[in-house]
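The chains referred to below are lettered A, B, ... by the order of the sequence lines, with proteins before strands, and numbering in each begins at 1. Atom set for the values below is all heavy atoms of this structure, side chains included, hydrogens, waters and symmetry mates excluded.
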2 protein chains.
Amino acid sequence: MTTARRSDATRAAILEAARERFASDGYDRATIRSIARDAGIDPSMVMRYYGNKEGLFAAASEIELDLPELGGLPARHIGAVLVTHFLERWERDDVLTGLLRVGVTNEAGAERMRAVFAQQLGPVTRGVCPDPAEAPRRAALVASQILGMALTRYVLRLPPVAEMAPEEIVAWLGPTVQRYLTAEAP
Amino acid sequence: MTTARRSDATRAAILEAARERFASDGYDRATIRSIARDAGIDPSMVMRYYGNKEGLFAAASEIELDLPELGGLPARHIGAVLVTHFLERWERDDVLTGLLRVGVTNEAGAERMRAVFAQQLGPVTRGVCPDPAEAPRRAALVASQILGMALTRYVLRLPPVAEMAPEEIVAWLGPTVQRYLTAEAP
DNA sequence: ACTGTAGGCCAACGGGCGTTGACATCCCAT
DNA sequence: ATGGGATGTCAACGCCCGTTGGCCTACAGT
C-alpha cells in the first residue's frame with residue numbers, strides 16, 4: 001500500500017466541497033473558487049491536485065449504485081426492491097443529484113451518466129428479463145422512470161412528487177419497473 | 001389591435017435565437033452575446049427589448065403543451081394518446097428540451113416547469129382519474145415518467161432510449177401512464 | 001542539525017460575462 | 001421638409017472566472 005500523504009485531508013475536503021457544489025449548483029455555477037472557499041483552501045490547490053475543473057468533476061462524480069443481486073429473490077418483487085434501493089441510494093448522498101444536474105448541461109456529465117447506467121444497471125437486468133438480448137433496452141426503460149422520479153422529486157421538486165412518502169412511490173413505480181423488466185415485449 | 005412595430009422582426013429573431021441557445025446550452029452557457037450574434041444584432045438590443053437575461057428567458061420559455069381533451073375518447077386509450085402527444089410535442093420544437101435543461105440548474109426555470117405541468121397537465125387529468133382530489137398526485141406521477149423519457153431520450157441521449165421508434169415507446173409507456181391515471185390507488 | 005521537498009498562499013493574467021450610456025441613423029407624422 | 005422618436009451600433013464599465021507561477025513554510029529523511 002502507498003503510505004498516507006500529508007495532503008490527504010485537503011484532497012478529501014476539496015472532493016467533498018466539490019460534490020456539494022456540483023450537486024446544488026450544476027457544473028457552470030459550481031466555481032473552483034467557491035469550492036476552494038468551502039474547503040478552506042486556496043483555489044490553486046484544486047488545480048494542483050486535480051489538474052483542472054474537468055478533472056475535479058471526474059473525481060467528484062465517481063458513482064457506485066450498489067445495486068443488489070436480483071437473482072436470488074422472488075421474481076414478482078424485483079420491481080419494488082429496485083425502486084426502494086434507488087430511493088435510498090438517492091437520499092444517501094448528493095452525488096447522484098449532482099450527476100443528474102451536471103449531465104443535463106455538460107457533455108462529460110452526460111457521458112458519465114450513460115456509463116453508470118450501462119455498466120451498473122445493464123448487467124443486473126440481464127438475468128431477469130425474458131430475452132437477454134433485450135436487456136439494454138429494458139434497463140433503459142427502467143432508467144427513464146427512475147431518473148424521471150429523481151428529476152421531479154429531487155431537482156425540480158414538483159410538489160406532489162416531492163411530498164410523497166417513499167412507500168407510496170414504491171407502490172406506484174414498483175409495478176412499472178417490474179413490467180419493464182419482466183413482461184413480454186408489447 | 002396594436003399596429004405592427006418596425007422592430008418586430010428583430011424581436012422575433014432574438015426570441016428564436018434565444019430558444020435555440022437555451023435549449024442546446026442551458027441557462028448559463030447561453031450568453032446574451034451569443035444569442036445576439038445568432039440573431040445578427042447587437043447585445044444591447046436584447047437588453048432594450050427584454051430588460052435583462054431573466055426577462056429574455058421568461059419570454060423564450062412560454063410553453064403551450066396543447067394537450068388534447070381526454071373526456072371524449074375510450075378510457076383505455078388515454079395512456080397511449082397522451083404519450084403519443086408528448087412525443088410529438090417534444091419533437092416539434094426545442095422549447096421543451098430547453099426548459100428541461102434550464103429547469104435543472106435555474107430556479108426560475110424550475111418554477112416555470114412546475115407551473116406548466118400544474119396548470120396544463122393537472123386539469124386534463126382531473127376528469128379521468130377515480131378521485132378528483134388525487135388528480136395532482138397522479139398528474140405528477142405521469143410527469144415523472146414523461147419527463148424521465150424526455151430526459152433520457154433528448155437530453156442524456158441514452159442509446160437504447162434515443163434509438164427506439166416512437167411506436168415502441170408508446171407501447172411501453174402507454175400502459176404506465178394509463179395506470180397512473182386510472183388505476184385504483186395501490 | 002541540515003536540507004530538500006511537499007504543502008500551501010498570494011497576486012496576477014487574459015478573457016468572457018451582463019449591462020450601460022453615448023452616439024449614429026432611419027423613417028414617419030406633421 | 002423637418003423634427004423627433006424608434007431602431008441600431010460602439011465602446012466601455014466592473015465583475016468573476018479558470019488558470020499560472022512565484023514565493024514562503026514546515027516537516028521528513030539523512
* **A:L141, A:V83, A:T182 screened by side chain to side chain contact (heavy atoms under 4.5 Å, CB included) with A:V177, the one that passes** =>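 Passing option: A:V83.
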Taking atom [atom2] of [N] as reference, at what distance in whole Å does atom [atom1] of [X] sit?
X	N	atom1	atom2	answer
A:Y50	D:dG18	OH	P	16 Å
A:Y27	D:dG18	OH	C1'	10 Å
B:R33	D:dT9	CZ	C1'	14 Å
B:M47	C:dC17	CE	P	14 Å
B:I14	D:dT7	CD1	P	11 Å
B:D25	C:dC17	CG	C1'	14 Å

* Identify, between A:T31 and A:G51, the residue whose nearest nucleotide on DNA chain D lies closer to the 5' end. =>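 Upstream on the strand: A:T31.
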* Asked: For DNA chain C, whose closest nucleotide is more 5', that of B:N52 or that of B:R48?
  ->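 Result: B:N52.
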* Look at the rings of B:F86 and B:F117 and say which category their plane angle falls in: under 30° parallel, 30 to 60° tilted, over 60° perpendicular. =>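 Judged by the thresholds at 30° and 60°, the geometry between B:F86 and B:F117 is parallel.
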* Asked: With under 30° as parallel and over 60° as perpendicular, where do the rings of B:Y154 and B:W90 fit, or are they tilted in between?
  ->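 Ring orientation of B:Y154 relative to B:W90: parallel.
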* **Side-chain donor-acceptor contact under 3.5 Å, B:R179 with A:T176** =>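 Yes - a donor-acceptor pair under 3.5 Å links their side chains.
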* Asked: Under 3.5 Å, is there a donor-acceptor pair linking the side chains of B:R29 and B:S34?
  ->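 Checked: B:R29/B:S34 side chains show no N/O donor-acceptor pair below 3.5 Å.
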* Asked: Of all the choices, D:dT7, D:dG18, C:dT19, which nucleotide is nearest to the side chain of B:K53 once you look at every atom?
  ->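 The answer is C:dT19.
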* Of all the nucleotides listed (C:dG8, C:dG18, D:dG8), which has the minimum atom distance to the side chain of B:Y49? ->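 So the side chain of B:Y49 is nearest to D:dG8.
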* Asked: Does any residue of residues 35-45 of chain A have a heavy atom under 4.0 Å from DNA chain C, and if so, which ones, in number order?
  ->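 Within residues 35-45 of chain A, the residues near DNA chain C are A:I41, A:D42, A:S44, A:M45.
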* Is B:E54 atom CD crowded by more than 12 heavy atoms from other residues, nucleotides or ligands, each under 6.0 Å away? ->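 Not buried by this count: 12 neighbours or fewer within 6.0 Å.
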